[in-house]
Protein chains: 2
Amino acid sequence: MRQEGGAVQMEKKRNAFEMNISAIKTMIEQDGFVPGDRIPSERELAERLSISRPSVREALRTLAYLGIIETRHGGGSFLLNRDDHTYIQIIAQFLVTGDSKFEDLAGTLRLLEQAAFVQLADASILEVHVDSDAAFRETLIATIDNDLFERIWRQVNAFYQSFGQGELYTRAEREAFLKRS
Amino acid sequence: MRQEGGAVQMEKKRNAFEMNISAIKTMIEQDGFVPGDRIPSERELAERLSISRPSVREALRTLAYLGIIETRHGGGSFLLNRDDHTYIQIIAQFLVTGDSKFEDLAGTLRLLEQAAFVQLADASILEVHVDSDAAFRETLIATIDNDLFERIWRQVNAFYQSFGQGELYTRAEREAFLKRS
DNA sequence: AAGGGGTAATTGGTCTGACCAATGACCGCC
DNA sequence: GGCGGTCATTGGTCAGACCAATTACCCCTT
């Protein structure tokens with residue numbers, strides 16, 4: 001006879017799996033764990049939440065996959081820093097796998113970089129990098145100062161480079177960039 | 001700079017859990033399943049992949065959490081179409097505590113849409129949608145005709161909307177968009 | 001007393017097997 | 001042919017076991 005949910009009243013009637021994830025997250029917050037801390041062991045979580053260890057594991061595996069926690073064999077599970085969350089990598093993984101066309105990759109990169117350029121106030125800082133396609137674009141993105149945007153760009157760019165197509169712009173195109181400022 | 005996990009590529013030596021996820025995804029692709037199809041049962045997957053059912057379940061739970069598949073008690077597991085972004089809300093659940101990220105979200109959306117607008121030849125098609133923030137931006141993105149770019153935008157936008165902040169632009173801003181064409 | 005090494009306890013990783021619950025197909029009955 | 005019940009299939013959950021990696025601890029040596 002298994003009783004309902006362990007520790008916390010859930011606001012909704014989601015399925016048990018999501019309730020377990022919420023319960024674990026709630027427990028982490030209530031116990032005041034901060035990034036870097038080790039959270040209770042799987043067996044202890046199972047006991048405190050009145051669920052089985054397999055159920056705890058299913059929840060923890062998902063949390064680990066999302067980058068919320070990190071598990072070390074024999075060591076325990078640790079809370080990660082929120083900035084280390086790989087959520088955008090997860091999203092990117094499913095965005096970019098499969099049927100994304102190579103032309104879309106290059107096109108998306110051009111769009112992203114064009115957007116960055118429009119916001120660029122002073123293009124002079126790019127002049128010294130006009131010789132290097134990589135440095136030119138890297139510097140351009142850095143001027144945006146938007147972490148999410150930069151991470152998206154980095155993912156798309158990493159995938160683009162895995163095709164080994166070399167430079168995205170010719171030197172003439174980079175120079176044209178500067179003239180348009 | 002943390003670029004370690006940068007590759008979206010799959011072929012790395014990851015832990016068994018992520019390998020199981022990849023294996024299941026690969027099998028789904030190779031068997032030619034399309035959204036709506038029922039994928040093999042947990043027991044069959046376990047046998048075909050030579051892993052135990054709990055391991056299959058840990059992978060399937062994560063895939064279900066991400067919105068890749070849907071499981072029905074007694075019915076089976078079904079492939080979802082990728083536009084279902086239910087997982088975004090849940091991921092956001094872990095990020096709401098921080099506020100810096102939200103600024104990045106809105107900023108990224110503005111950048112993406114500005115990039116789309118720069119490429120827009122004829123802005124007149126947007127005029128009819130000037131009343132609706134959502135329709136205006138949706139139409140804007142559709143003009144780009146870049147599948148990857150559109151999917152990125154859609155993901156970020158879904159993430160943004162999970163914060164429930166309402167419109168991204170004021171009506172005046174949308175009108176200003178049109179005037180700049 | 002300090003350091004090092006080896007042992008035991010802890011913890012995650014995986015598996016087997018079992019039973020329950022919901023679904024859906026199948027079959028017999030009307 | 002339509003309807004309803006039965007039962008195999010499938011996901012949901014659990015208990016227990018064993019392995020592997022890490023960590024804590026204690027004892028011995030120096």
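In the text below, chain A, chain B and the rest are named by the order of the sequence lines, each starting its count at 1. Just so we're clear, the structure is a prediction, and the values are computed from it rather than from any experiment.
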N/O contacts under 3.5 Å, protein versus nucleotides 8-15 of chain C?
| from | atom 1 | to | atom 2 | distance (Å) |
| --- | --- | --- | --- | --- |
| C/dG12 | OP2 | A/Glu42 | N | 2.8 |
| C/dG12 | O4' | A/Gly74 | N | 3.4 |
| C/dG12 | N7 | A/Arg43 | NH1 | 2.9 |
| C/dG12 | O6 | A/Arg43 | NH2 | 3.1 |
| C/dG12 | N2 | A/His73 | NE2 | 3.0 |
| C/dG12 | N3 | A/His73 | NE2 | 3.2 |
| C/dG13 | OP2 | A/Arg57 | NH1 | 3.0 |
| C/dG13 | N7 | A/Arg53 | NH2 | 2.7 |
| C/dG13 | O6 | A/Arg53 | NH1 | 3.3 |
| C/dC15 | OP2 | B/Ser52 | N | 3.2 |
| C/dC15 | OP2 | B/Ser52 | OG | 2.8 |
| C/dC15 | OP2 | B/Ser55 | OG | 2.8 |

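Evaluation of the salt bridge (charged side-chain N to carboxylate O under 4.0 Å, His left out) rule for B/Glu167 yields B/Arg174 as partners, not counting sequence neighbours. The ring pair (Phe, Tyr, Trp, His ring centres under 6.0 Å) search around B/Phe33 returns none, not counting sequence neighbours.
Side chain of B/Thr143 to backbone of B/Leu140: a donor-acceptor contact under 3.5 angstrom is found.
The nearest whole Å value for the distance from the OH atom in B/Tyr65 to the P atom in D/dG12 is 15 Å. The distance between atom CG of A/Leu45 and atom C1' of D/dT13, rounded to the nearest whole Å, is 17 Å.
Across every non-hydrogen atom of A/Leu168 and A/Glu173, the tightest pair is O-OE1, 4.0 Å.
In this structure, A/Asp133 does not pair ionically with A/Arg171, as no charged nitrogen and carboxylate oxygen lie closer than 4.0 Å.
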